[in-house]
2 protein chains.
Amino acid sequence: MTESLERRARRVPMGDVARLAGVSTQTVSRVSNGHPSVLPETRDRVFAAMAELGYRPNAAARALRSGEFRAIGIVLFTLSTTGNVRTVEAIANWASAEDYAITLVPVRSRSREDVLAAIRRLGELAVDAVVLLLSAHLLDDAAIHIPPDVHVVIVDSDAGDDFTVVDTDQAAGAHAAVEHLLSLGHATVHHLAGPESSYAAERRAAEWRAALESAGRRVPDVVRGDWTAASGYAAGAALAPDATCTAVFAANDEMAAGLLRAFADAGRRVPEDVSVVGFDDIDLAEQLQPPLTTVHQDFGEVGRRCVAAALAQVRSGARSGGVDLVPTRLVIRASTGPAPA
Amino acid sequence: MTESLERRARRVPMGDVARLAGVSTQTVSRVSNGHPSVLPETRDRVFAAMAELGYRPNAAARALRSGEFRAIGIVLFTLSTTGNVRTVEAIANWASAEDYAITLVPVRSRSREDVLAAIRRLGELAVDAVVLLLSAHLLDDAAIHIPPDVHVVIVDSDAGDDFTVVDTDQAAGAHAAVEHLLSLGHATVHHLAGPESSYAAERRAAEWRAALESAGRRVPDVVRGDWTAASGYAAGAALAPDATCTAVFAANDEMAAGLLRAFADAGRRVPEDVSVVGFDDIDLAEQLQPPLTTVHQDFGEVGRRCVAAALAQVRSGARSGGVDLVPTRLVIRASTGPAPA
DNA sequence: GTAGCGGATGTTGACGAGAACATCCGCGAG
DNA sequence: CTCGCGGATGTTCTCGTCAACATCCGCTAC
């Protein structure tokens, strides 16, 4: 794997450029930052010197001087869920538009000590603000304490009293899914929930229950998955024999995909025998068989608001509380239909 | 969205800690870095002062002094492809294990100027090494020039002469897929390729062609998609009427999923009438109907080698060339079967 | 003609941490 | 008893950049 070696070229400091261009470092600095009062001729000379030496400003020195890193940190457990990926991408793109970079800090596990370690590292990161893509339960722990001078935005959580929270409106989305199924004549709706460790999963499950109760319907036992399609398949295999199960609301699309295959394998037709609704509206949702009715999340908007909130804190120097919910949209496809007669 | 405001707590510098603990800043520094020759009693006093004031070391100052940021940059177009996401996650995890953070730099578009801008920003990033995840032949362009003192690892590209390249062994994977289908008795294999702008897509297409030619088979026209399931569906709809098409190798699993649904809609059974092979082995592959035969990529290993190569460069101070290919594995599921009689 | 203004440039210092070097002290060897 | 050594700690200086202030100059207004 190794072949040739090139000796490392030394990082060029401003002073070298200044010397070559015959000006002071301050003038180089001014050119570098587009300051107006530099003679065009001088500017060109400095640019030429920069190019010749391959000068690039040193981010550390700049940050030390200015106190700004122009970066936003994101703390998360995993990039293996659709929601996290899409949120991270959206944050990265919006941040990039503001000329901010994104620093990713993965947390090894959900163990208390790993989370604590990540939070502690937060403050030492070369970052102006932090987005926590962690579920709330973790922050409830009184021992987990976020330094007061760190600007934080929290996603997928409920700590709106102390922190800025941005999130998809899980409750409204879940409500719409249940309503849709009830309006098709189903007596009740089963729920394939995500893991208990997820705040989003818990919110969706709670609202599913509330919607059924407020409609005066029987509330079936919750079936739990772990977000994966495989867990959805297992849940589907367990639900298929139950003839009273004519409608299932899955907490995400991957698990819904597993459900669809499990029902197909068990000979239960979708949507004729069972209706299925997912959550997220991943790209593949439309390509499943049948195409999946699902709750569309606007991750782009979540990302935009995260960046906006983070930069607002950075610019004002203050931390604000409050919850900012992004609406969902029910996308009706072929996986839902009238209740069987 | 805004409610309460807390005044910003000032960042605590080392000097404050030193004063409170009754020592010099140097001693605080030593404690902070675990230097051995500090009296336990002094150490405790310093720790207490740190805790009381909420001291956290300043990353910029540390980086300026040491010349190290302990961060690796990743430049990429998008997180919407499975491959990129999984690679980024793997890199983040391995880097984190070495106590390095990850900085994400999205490139707005594939336009020449945006790529150039990103490359130029590279050198100014607060980063010790950079991974280019651009999946393209970008570096062929002579105008795109990477500063010689930037440590670079390239993924999904072909600049092994000048840079370290880590990649999945696309050719071997594609070859295995074609071989598998031919060994099942299919006269030839159609190919649903990814976009021309993707290096991986081109490698897979080239090897598909080579495998067919070396077996003396007819080489059908290539059908192109854009990685999405929707484009796979469109391609499937176009291929379905062609009775000579009994085997399709899709360049990724999402497009294969679209193919499966298109064939189902067109009344062509998989695998009885048509066999389908994908590439990637995404989680959902096993949940498709039928479960998808596909080429498994070991993204974790790609990430590990990227981090290893990047840190090797950082530590040696040199840049090395060479190509490091990660093997693939063909996962046979129900979507492939013997050629129809 | 000169005061005064403003544009172009230079000089100085500070950001926070930590390496190099200096200092001080106690203890053991000669 | 003194020298020297090494551990604990302090002092100084530097990293690269940029803001603040200083300087110098030409031009305009009176």
Side-chain angles (χ1 to χ4, degrees), chain A residues 8-47 49-50 53-71 121 123-128 147 149 317, chain B residues 8-47 49-50 53-71 123-128 147 149:
Chain A
R8 161 169 50 188
R10 198 175 61 89
R11 270 297 293 232
V12 183
M14 238 182 195
D16 292 8
V17 177
R19 210 166 307 117
L20 179 60
V23 298
S24 71
T25 61
Q26 184 56 48
T27 300
V28 177
S29 169
R30 282 193 264 252
V31 170
S32 179
N33 297 320
H35 187 101
S37 61
V38 176
L39 243 37
E41 175 200 311
T42 310
R43 185 193 336 275
D44 292 345
R45 207 151 22 99
V46 172
F47 274 139
M50 284 178 173
L53 299 176
Y55 167 79
R56 283 164 293 126
N58 178 309
R62 188 172 280 195
L64 175 58
R65 189 76 244 285
S66 69
E68 284 195 358
F69 295 96
R70 297 201 75 80
R121 276 181 62 199
E124 312 184 13
L125 276 180
V127 137
D128 302 312
D149 58 339
Chain B
R8 159 170 50 186
R10 197 175 62 88
R11 268 304 286 239
V12 183
M14 236 183 196
D16 291 10
V17 178
R19 210 166 308 117
L20 180 58
V23 297
S24 73
T25 61
Q26 184 59 83
T27 299
V28 177
S29 168
R30 283 193 263 254
V31 170
S32 180
N33 297 319
H35 187 100
S37 61
V38 176
L39 244 39
E41 175 199 313
T42 311
R43 181 187 347 270
D44 292 346
R45 207 150 23 98
V46 172
F47 274 140
M50 283 179 172
L53 298 177
Y55 167 78
R56 283 164 292 126
N58 178 310
R62 194 183 288 231
L64 175 59
R65 193 70 247 275
S66 70
E68 284 196 0
F69 294 96
R70 297 200 76 79
E124 312 183 13
L125 276 180
V127 137
D128 302 313
D149 57 338

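These values consider heavy atoms only, across backbone and side chains, with no hydrogens, waters or symmetry-generated copies. Keep in mind it's a predicted model, so treat the numbers as computed, not measured. Protein chains get the first letters and strands the later ones, always in sequence-line order, with residue 1 at the start of each.
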Atom pair distance, as rounded to whole Å: [atom1] in [X] and [atom2] in [N]:
{"X": "Glu68(B)", "N": "dC15(D)", "atom1": "CD", "atom2": "P", "result": "17 Å"}
{"X": "Glu41(B)", "N": "dT9(D)", "atom1": "CD", "atom2": "C1'", "result": "13 Å"}
{"X": "Glu124(A)", "N": "dG16(C)", "atom1": "CD", "atom2": "C1'", "result": "14 Å"}
{"X": "Asp44(B)", "N": "dA8(D)", "atom1": "CG", "atom2": "C1'", "result": "15 Å"}
{"X": "Arg70(A)", "N": "dC18(D)", "atom1": "CZ", "atom2": "P", "result": "13 Å"}
{"X": "Asp149(A)", "N": "dG16(C)", "atom1": "CG", "atom2": "P", "result": "13 Å"}
{"X": "Arg19(B)", "N": "dG10(D)", "atom1": "CZ", "atom2": "C1'", "result": "15 Å"}
{"X": "Leu39(A)", "N": "dC25(D)", "atom1": "CG", "atom2": "C1'", "result": "12 Å"}

Q: Find the distance between OG (Ser32(A)) and CE (Met50(A)) and round it off to the nearest 0.5 Å.
A: 4.5 Å
Q | Inter-residue atom distance Phe69(A).CZ - Phe69(B).CZ, 0.5 Å rounding | A | 9.5 Å
(Q) Does Leu64(A) reach a base, just sugar-phosphate, or nothing at all? Heavy atoms under 4.0 Å. (A) base
Q.
Show me the pairs that pass salt bridge (Lys or Arg N to Asp or Glu O under 4.0 Å) and involve residues 17-36 of chain A, at least two apart or across chains.
A. Asp16(A)-Arg19(A)
Q: Spell out, as yes or no, whether a donor-acceptor pair under 3.5 Å connects the side chain of Arg43(B) to the backbone of Val31(B).
A: no
Output a table of donor-acceptor pairs, distance under 3.5 Å, between side-chain atoms of residues 59-66 of chain B and any protein atom two or more places apart or on a different chain; print 'none' if there are none.
unit_1, atom_1, unit_2, atom_2, d
Ser66(B), OG, Arg62(B), O, 2.9
Ser66(B), OG, Glu68(B), N, 3.1
Ser66(B), OG, Glu68(B), O, 3.4

Q.
Applying side chain to side chain donor-acceptor pair (under 3.5 Å), can you list everything that pairs with Arg56(B), at least two apart in sequence or on another chain?
A. Asp149(A)
(Q) Restricting to non-hydrogen atoms, name the atom on Arg45(A) and the atom on Val23(A) that form the minimum distance, rounded to 0.1 Å. (A) NH1-CG1, 4.1 Å
Q | Shortest non-hydrogen contact from Val12(B) toward Gly54(B) | A | CG2-O, 4.3 Å
(Q) Just to be sure I understand the geometry, which residues of residues 20-37 of chain B put a non-hydrogen atom under 4.0 Å away from DNA chain C? (A) Gln26(B), Ser29(B), Asn33(B)
**Q.** Positions of residues 55-62 of chain A (non-hydrogen atom under 4.0 Å from DNA chain C), listed by number
**A.** none
Q.
If the helix axis at each end comes from five base pairs, how far does the helix from dG1(C)-dC30(D) to dG30(C)-dC1(D) deviate from straight, to 10°?
A. 50°
